[in-house]
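Notes to accompany the following structure.
In what follows, chains are A, B, ... by sequence order, proteins preceding strands, each numbered from 1. The model shown is predicted, which means the values in this text are computed figures rather than measured ones.
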Amino acid sequence: MRQIDLSAVATDVAPLLLGSVLVGTDGVAVRLVEVEAYRGAEDPGSHAYRGRTARNATMFGPPGRVYVYRHLGLHHCVNVVCSPAGTATAVLLRAGEVVAGQEVAWQRRRAAGVCRAERDLARGPARLAVVLGLTLAHDGAPMTIQHSPRDRPAPEASRMRAPEAGARPLELVPADQPVTMRTGPRVGVSGRAGTDAYPWRYWIDGDPHVSAFRAGPGTS
DNA sequence: CGTAAGATTTACT
DNA sequence: GTAAATCTTACGA
């Protein structure tokens, strides 16, 4: 099993997250198939490019926490904070496959809107946040990594978890097998930051749960 | 101080 | 395919 060091730069961490499983609230777990890296002060596409604000403060904190922000007043998106405190890089979780807690996941998605296909449950960053049950209330919450198999809770134990378990740290179980990765420009990012000059979108080749690509404005 | 644009999703024409 | 929903930040007057 590969070690994941979240104090590394987001572009180094992102490939390691592909194929890993993130356990969210109420037993819902998602295998990550698509992520994007954002590199703070070096990255015009990053929320942290122009310095610290109330919204992005979590990204400037220690690594291993989740940065959750609200987009267009409606949606939530989830990042994993990387790099040491003071350096604001992060990995945006864009899509995944629900591998546990399917009933809760479907319930949450139907409450938020229409969802017909299983592959659309967590296909897109805001949808991923919905199925995991993450909102602004979880901004800054710590995430723990299960680096040794004996630390991994029994599947039965996580299914029996009490509702207040949502307050406990999120868990990340690293991929036990390498995945076939592809890279390219990030989705919906405008200007030069959305071009091949910043190929910081990473996804598992051929996986149906990867979201559709959309070019940002001014990236032609 | 007012306006525009954004790491999106859904519903409607 | 296009519009609407509706919050935060950036930027120009």
Tell me the interatomic distance from [X], atom [atom1], to [N], atom [atom2], rounded to whole angstroms.
X	N	atom1	atom2	result
Glu34(A)	dT8(B)	CD	P	10 Å
Phe213(A)	dT8(B)	CZ	C1'	15 Å
His76(A)	dT8(B)	NE2	P	15 Å
Arg110(A)	dA11(B)	CZ	P	11 Å
Asp43(A)	dG6(B)	CG	P	15 Å
His71(A)	dA4(B)	NE2	C1'	14 Å
Arg123(A)	dA7(B)	CZ	C1'	17 Å
Leu72(A)	dA11(B)	CG	P	16 Å

Worksheet entry | Any Val187(A) side-chain heavy atom under 4.5 Å of Arg94(A) side chain |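 SC-SC contact between Val187(A) and Arg94(A) confirmed.
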Would one find a side-chain N or O of [X] under 4.0 angstrom from OP1 or OP2 of [N]?
X	N	result
Arg94(A)	dT8(B)	yes
His47(A)	dA7(B)	yes
Ser190(A)	dG6(B)	yes
Arg70(A)	dT9(B)	no

Using the side-chain heavy atoms of [X], tell me which of these nucleotides is nearest: [options].
X	options	result
Val187(A)	dT8(B), dA7(B), dT10(B)	dT8(B)
His75(A)	dT10(B), dT8(B), dG6(B)	dT8(B)
Tyr69(A)	dT8(B), dT9(B), dA7(B)	dA7(B)

Counting the atoms with a prime plus P, OP1 and OP2 as sugar-phosphate, which does [X] contact under 4.0 Å by heavy atoms, base, sugar-phosphate, or nothing?
X	answer
Arg186(A)	nothing
Arg201(A)	nothing
Gly45(A)	base

Response to the item:
Here the pair of heavy atoms bringing Ala8(A) nearest to Cys82(A) is O-CB, 3.3 Å
Worksheet, complete the sentence: Nearest-nucleotide check on DNA chain B, Ser46(A) vs Arg127(A); residue mapping nearer the 5' end is Ser46(A)
Fill in: Along DNA chain B (nearest heavy atom to each residue), the more 5'-positioned of Ala126(A) and Pro217(A)
Pro217(A)
Worksheet item: Between the side chain of Arg65(A) and the main-chain N/O of Pro142(A), is any donor-acceptor distance below 3.5 Å?
Response: no
Worksheet item: Are the side chain of Ser20(A) and the backbone N or O of Leu16(A) linked by a donor-acceptor pair below 3.5 Å?
Response: yes
Fill in: Pairing pattern in dot-bracket form [Watson-Crick, G-U; both distances under 3.5 Å; | = partner strand] for DNA chain C
|||||.||||||.
Practice prompt. Determine the interatomic distance between C1' on dG1(C) and the same-named atom on dA7(B); round to the nearest Å.
Written response: 23 Å
Worksheet item: How far does the P atom of dC1(B) sit from the matching atom of dT6(C), given to the nearest Å?
Response: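 The answer is 25 Å between these two P atoms.
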Discussion item. Taking the six-membered ring of Phe213(A) as reference, does the cationic atom of Arg201(A) (NZ for Lys, CZ for Arg) lie under 6.0 Å from its centre and within 45° of its axis?
Written reply: no
Worksheet item: Are Ile4(A) and Tyr202(A) linked, directly or through other ILVMFWY residues, by side chains that come within less than 4.5 angstrom of each other?
Response: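 Yes, Ile4(A) and Tyr202(A) fall within the same hydrophobic cluster.
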Practice prompt. Evaluate the salt bridge (charged side-chain N to carboxylate O under 4.0 Å, His left out) criterion for residues Arg31(A) and Glu97(A): first the C-alpha distance (whole Å), next the side-chain angles of each, then the deciding distance (0.1 Å), finally the verdict.
Written response: CA-CA 5 Å; Arg31(A) 176 175 177 262; Glu97(A) 171 187 5; 3.8 Å; yes
Worksheet item: Along DNA chain C, 5' to 3', what are the outermost nucleotides having an atom less than 4.0 Å from a heavy atom of chain A?
Response: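 Span of nucleotides near chain A: dA5(C) to dC11(C).
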Practice prompt. Dump the intermediate steps for salt bridge (charged side-chain N to carboxylate O under 4.0 Å, His left out) on Arg192(A) and Asp43(A), then the final yes or no.
Written response: CA-CA 10 Å; Arg192(A) 208 176 103 83; Asp43(A) 179 5; over 6 Å; no
Worksheet item: Going through the checks in order, is the salt bridge (charged side-chain N to carboxylate O under 4.0 Å, His left out) test met by Arg182(A) and Asp207(A)?
Response: CA-CA 11 Å; Arg182(A) 295 198 59 190; Asp207(A) 194 292; over 6 Å; no
Worksheet entry | Ring-ring centroid check His47(A) Tyr69(A), cutoff 6.0 Å | yes
Discussion item. Can you confirm whether more than 12 heavy atoms, excluding those of Tyr49(A), are under 6.0 Å from its OH atom?
Written reply: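 No, the 6.0 Å shell around OH holds no more than 12 heavy atoms from other groups.
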